[in-house]
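Because the structure is predicted, anything quoted here is derived from the model rather than measured. Note on naming: letters A, B, ... go to the chains in the order of the sequence lines (proteins, then strands), and numbering restarts at 1 for each one.
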Number of protein chains: 2
Amino acid sequence: MRKKTVEEYIETIDALERREGRAQTGMIAQEIAVRPPSVTEMLRKLEKGGLIEYKSYSGAILTPTGRRMACDLQKKHRIVASFLEMLGVDHDIAEADACQIEHHVSSETAERLRLFVEYLRNSPPGRGCTEHFERYCRERER
Amino acid sequence: MRKKTVEEYIETIDALERREGRAQTGMIAQEIAVRPPSVTEMLRKLEKGGLIEYKSYSGAILTPTGRRMACDLQKKHRIVASFLEMLGVDHDIAEADACQIEHHVSSETAERLRLFVEYLRNSPPGRGCTEHFERYCRERER
DNA sequence: GCATCCTTTTAGGTTTGCCTAAATGATCGG
DNA sequence: CCGATCATTTAGGCAAACCTAAAAGGATGC
């Protein structure tokens with residue numbers, strides 16, 4: 001598989017902290033399909049970058065900075081995934097795409113998209129842009 | 001800067017072929033801000049992958065496969081960039097984001113987004129979703 | 001308290017894309 | 001045709017993220 005980025009490690013640690021209460025080397029390794037030694041190495045790097053606290057043999061804990069990064073990514077993920085699903089993209093594909101795109105969308109764009117999703121959600125049922133769009137798609141198919 | 005991907009090389013070669021008539025090592029190097037030896041190396045790799053034709057000292061020529069990849073990327077780029085601009089994202093940011101996202105959007109999603117952009121463009125002036133959205137944004141700001 | 005077992009780290013190696021410096025190929029004026 | 005010049009390639013290295021195998025740390029049962 002592809003090389004894992006700092007952001008992927010941070011997301012994984014965040015997920016594990018929430019789900020399991022802590023993020024240990026082996027758990028992280030399993031989660032991102034990498035061997036434990038690679039995780040150890042990366043954890044040191046993340047610590048130097050101020051994203052986690054790390055001591056040998058005691059797992060990783062996100063710092064406030066790290067946590068902020070994780071939240072930001074999760075937020076972007078949700079925005080992108082929601083939008084794609086509203087557009088009619090298949091759930092699994094929307095999720096997979098969002099996993100990638102969350103790492104490449106600027107905050108400005110994400111905020112704008114968030115507003116757009118909110119707007120779509122708030123439009124009255126049967127009158128909203130998504131309904132019109134679906135109709136448009138169906139008609140176009142003839 | 002970040003490491004250049006196969007796709008970035010292919011896009012650059014395509015652009016140079018169109019703009020300058022050919023894509024030589026030095027031109028490619030300049031374009032993607034990398035030294036010529038790195039380009040030589042990558043060109044060999046691209047050739048092995050069947051994306052370009054390459055002989056020492058004679059530049060690169062996209063194969064049909066390579067050209068298809070370039071077109072696909074360009075199409076995705078345009079779709080994403082148009083959409084973001086329609087959403088009100090600043091032009092430069094939309095472009096920059098599209099440059100990244102084009103490499104991570106699935107064809108399914110891109111096609112769906114293309115339809116959506118088409119739908120937005122075809123909605124009657126003053127009645128379209130984008131106008132409603134803009135109004136929504138303005139109102140929300142109070 | 002210690003032996004065992006499991007997890008983690010250390011040590012050493014691979015791959016990939018990039019680099020610089022040096023060598024080679026191509027082209028062009030005379 | 002020959003040499004100068006410029007572009008390209010070769011040679012040799014570096015860094016990052018990964019790997020395997022072996023060593024070391026920590027926890028648990030007796």
Side-chain angles (χ1 to χ4, degrees), chain A residues 1-17 19-62 66 69-70 73 99-100 102-104, chain B residues 1-17 19-62 66 69-70 73 99-100 102-104:
Chain A
M1 213 240 197
R2 190 177 33 83
K3 296 219 173 160
K4 307 306 183 298
T5 65
V6 165
E7 293 187 346
E8 276 178 275
Y9 275 91
I10 292 298
E11 281 185 294
T12 303
I13 292 165
D14 181 56
L16 285 170
E17 277 184 2
R19 213 172 65 220
E20 318 272 354
R22 66 230 163 101
Q24 292 174 314
T25 306
M27 301 156 76
I28 301 170
Q30 180 136 16
E31 203 77 8
I32 64 181
V34 141
R35 300 292 175 180
S38 310
V39 174
T40 299
E41 199 173 341
M42 182 61 82
L43 292 186
R44 274 197 234 292
K45 187 182 152 188
L46 296 178
E47 202 203 5
K48 282 211 186 82
L51 294 168
I52 64 169
E53 271 174 58
Y54 169 69
K55 293 227 164 228
S56 271
Y57 296 99
S58 68
I61 298 172
L62 290 180
M69 179 184 278
L73 285 165
C99 276
Q100 297 297 308
E102 62 183 23
H103 302 293
H104 302 282
Chain B
M1 211 244 197
R2 190 177 35 82
K3 298 217 173 164
K4 307 306 184 299
T5 66
V6 165
E7 292 187 347
E8 276 178 273
Y9 275 90
I10 292 298
E11 280 184 294
T12 303
I13 292 165
D14 182 57
L16 286 170
E17 277 185 1
R19 214 172 67 221
E20 317 274 353
R22 67 233 162 103
Q24 291 174 316
T25 304
M27 301 157 74
I28 301 170
Q30 179 134 18
E31 203 77 9
I32 63 181
V34 140
R35 300 292 176 180
S38 311
V39 175
T40 300
E41 199 174 340
M42 181 61 81
L43 292 186
R44 274 196 236 294
K45 187 182 151 188
L46 296 178
E47 203 203 5
K48 281 210 186 82
L51 294 168
I52 64 169
E53 271 173 57
Y54 170 68
K55 294 231 163 223
S56 272
Y57 295 98
S58 67
I61 299 172
L62 290 179
M69 178 183 280
L73 286 166
C99 276
Q100 298 297 311
E102 61 182 26
H103 301 293
H104 302 283

From [X] [atom1] over to [Y] [atom2], what is the distance, rounded to the nearest 0.5 angstrom?
X	Y	atom1	atom2	answer
B:Glu8	B:Glu102	CD	CD	8.5 Å
B:Leu62	B:Leu46	CG	CG	9.0 Å
A:Ile52	A:Leu43	CD1	CG	4.5 Å

**Message:** I need the CD1-C1' distance between B:Ile28 and D:dA7, as an integer number of Å.
**Reply:** 13 Å

**Nucleic acid footprint by protein, nucleotides 8-20 of chain C - heavy-atom cut-off 4.0 Å, B for base, S for sugar-phosphate alone** = BBB-----BBBBB

**Asked** Does the side chain of A:Arg19 reach to within under 4.5 Å of the side chain of A:Met27, using non-hydrogen atoms?
**Response** no

**Asked** Does any pair with a residue in residues 38-61 of chain B pass salt bridge (charged side-chain N to carboxylate O under 4.0 Å, His left out), and if so which ones, sequence neighbours excluded?
**Response** none

